[in-house]
Amino acid sequence: MMIRVRFHGRGGQGAKTASRILGTAAFNEGLNVQDSPVYGAERRGAPVAAFTRISDGEVLERGYVFDPDVVMVMDSTLLDNPTARPLDGIRRRGVLFVNSQTGSSFHGIQTARPDIRVATFDLTGEALSLVGKAVISSATAAAAARIIGLVTDGSLEKAIRSELEELGLNDELIEKNVTLGRKVFASLEPVELSTDEYFVRSGLVPFELIMGERTGTEEITSAGNSNAVKTGSWRIFKPIIDYNKCTACMVCFAYCPESALTLRGDYKPVIDEDNCKGCLICYRECPPKAITLEKEVREF
Ligand code: SF4
Ligand code: SF4
């Protein structure tokens, strides 16, 4: 028996740490595990993936998990992201978990893949309320641990503590993460997984991405495709400008690393939503605090 879990998140959300916590929790149960992330020269907000293999026998597979039993989507805006493609390869009767604030039932996905089970939970909302940050590594690992049903809450807690200690988090933050993990674990139910093979590719591929078992990183083989990459899809929070408070000081315009702000005739900024990646530098730097944040919500 081998369970393969693939995590899709955005840089800064904790996908790599989630895969490690899950692996360590399963290891604490006496199982054989392997975990690894994949990301390139990515920035905060860019799609990243991480993998955990769990087995009662040897784990001899390596590399990208192409045919997961469970896919954990840490931000619902990744569902139709052409470079992440989280739906690819999910096994028949596998589970797609989506961190969602809307409680959406994801009808579109269930129509396209009636053979998989979809589970949702508002991990970000719980993390903001219990930890005070939208970092959901512990919450995602707890959700995955509960879904696969091989890990007890005790092993999960021990894994959260050891992995977060290794990252240098202070005791208070670790305890808040343990509380978060416990709550998520208790809120979900295990799902019976089957081992049927079933591989699909989504049709949303604007350029050919090849990532074979022998390559460590993705290769883009067609030229001139950077215009097709809308970094606006990386956003977790969207900056909103209050034009009544804006003094047209142009600080945000000067600081934006993506040139995603242009100036209107009155020198007040306008956001290019296709390419604002949600780094929130403008929000932090705006002198009169004329920029607020709104969580990105997309329905599927
Ligand atoms: S959040 Fe602000 S600074 Fe960051 S990319 Fe968007 S507009 Fe630019
Ligand atoms: S930094 Fe704030 S006040 Fe200045 S132009 Fe930008 S939104 Fe307006």
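Every number for a ligand or one of its atoms is a count from 1 in the order of the listing.
- Close contacts of ligand 2 with Ile291, meaning ligand atoms under 4.0 Å from a residue heavy atom, involve 7 (S).
- Between the side chain of Glu29 and the backbone N or O of Thr152 there is at least one donor-acceptor pair closer than 3.5 Å.
- Every atom of ligand 1 is numbered from 1 in the order shown, and the set under 4.0 Å from a heavy atom of Lys277 is 5 (S).
- By the 6.0 Å and 45° rule, Arg264 stacks over the aromatic ring of Tyr243.
- Contact atoms of ligand 2 toward Met250: 4 (Fe), 5 (S) (distance under 4.0 Å to a heavy atom of the residue).
- In this structure, of Asp272, Leu280, Leu293, the residue bringing a heavy atom nearest to atom 1 (S) of ligand 1 is Leu280.
- Listed by number with element, the atoms of ligand 2 under 4.0 Å from a non-hydrogen atom of Cys246 are 3 (S), 5 (S), 7 (S), 8 (Fe).
- Residue contact check: Pro287 has heavy atoms under 4.0 Å from atoms 1 (S) of ligand 2.
- Among the backbone and side-chain atoms of Cys276, none of the N, O or S atoms lies under 2.8 Å from atom 8 (Fe) of ligand 1.
- Scanning the protein for heavy atoms near atom 8 (Fe) of ligand 1, the closest one is Cys256 SG, 2.3 Å.
- Using a 4.5 Å heavy-atom threshold, the side chains of His8 and Arg6 count as touching.
- Atom 2 (Fe) of ligand 1 has Cys282 SG, 2.3 Å as its closest protein atom, hydrogens excluded (heavy atom only).
- Set against the non-hydrogen atoms of Pro239, the atoms of ligand 1 under 4.0 Å away are 1 (S).
- Under 4.0 Å from ligand 1, heavy atoms of Cys279 appear from its side chain as well as its backbone.
- Residue Cys286 counts as close to atom 2 (Fe) of ligand 2, with an N, O or S atom under 2.8 Å.
- Taking a cut-off of under 4.0 Å to the non-hydrogen atoms of Pro288, the atoms of ligand 2 that pass are 3 (S).
- Counting only heavy atoms of the protein, atom 6 (Fe) of ligand 2 lies nearest to Cys252 SG, 2.3 Å.
- For Arg146 (side chain) and Leu188 (main-chain N/O), a donor-acceptor pair under 3.5 Å exists by modelled atom type.
- The residue from Thr247, Ile241, Asp242 that puts a heavy atom closest to atom 3 (S) of ligand 2 is Thr247.
- Rounding to the nearest 0.5 Å places OG1 of Thr17 at 11.5 Å from CD1 of Ile160.
- Interatomic distance, CD of Gln34 versus OG1 of Thr52, reported as 9.0 Å (0.5 Å rounding).
- For the residue pair Arg235 and Arg10, the shortest heavy atom distance occurs at O-NE, 4.4 Å.
- Remark: Met250 CE to Cys256 SG distance equals 15.0 Å, nearest 0.5 Å.
- Using modelled atom types, one finds a donor on one side chain and an acceptor on the other under 3.5 Å when comparing Asn99 with Thr124.
- At the shortest separation from atom 4 (Fe) of ligand 2 among protein heavy atoms lies Cys249 SG, 2.2 Å.
- The ring of Phe121 has its center no closer than 6.0 angstrom to the ring center of Phe97.
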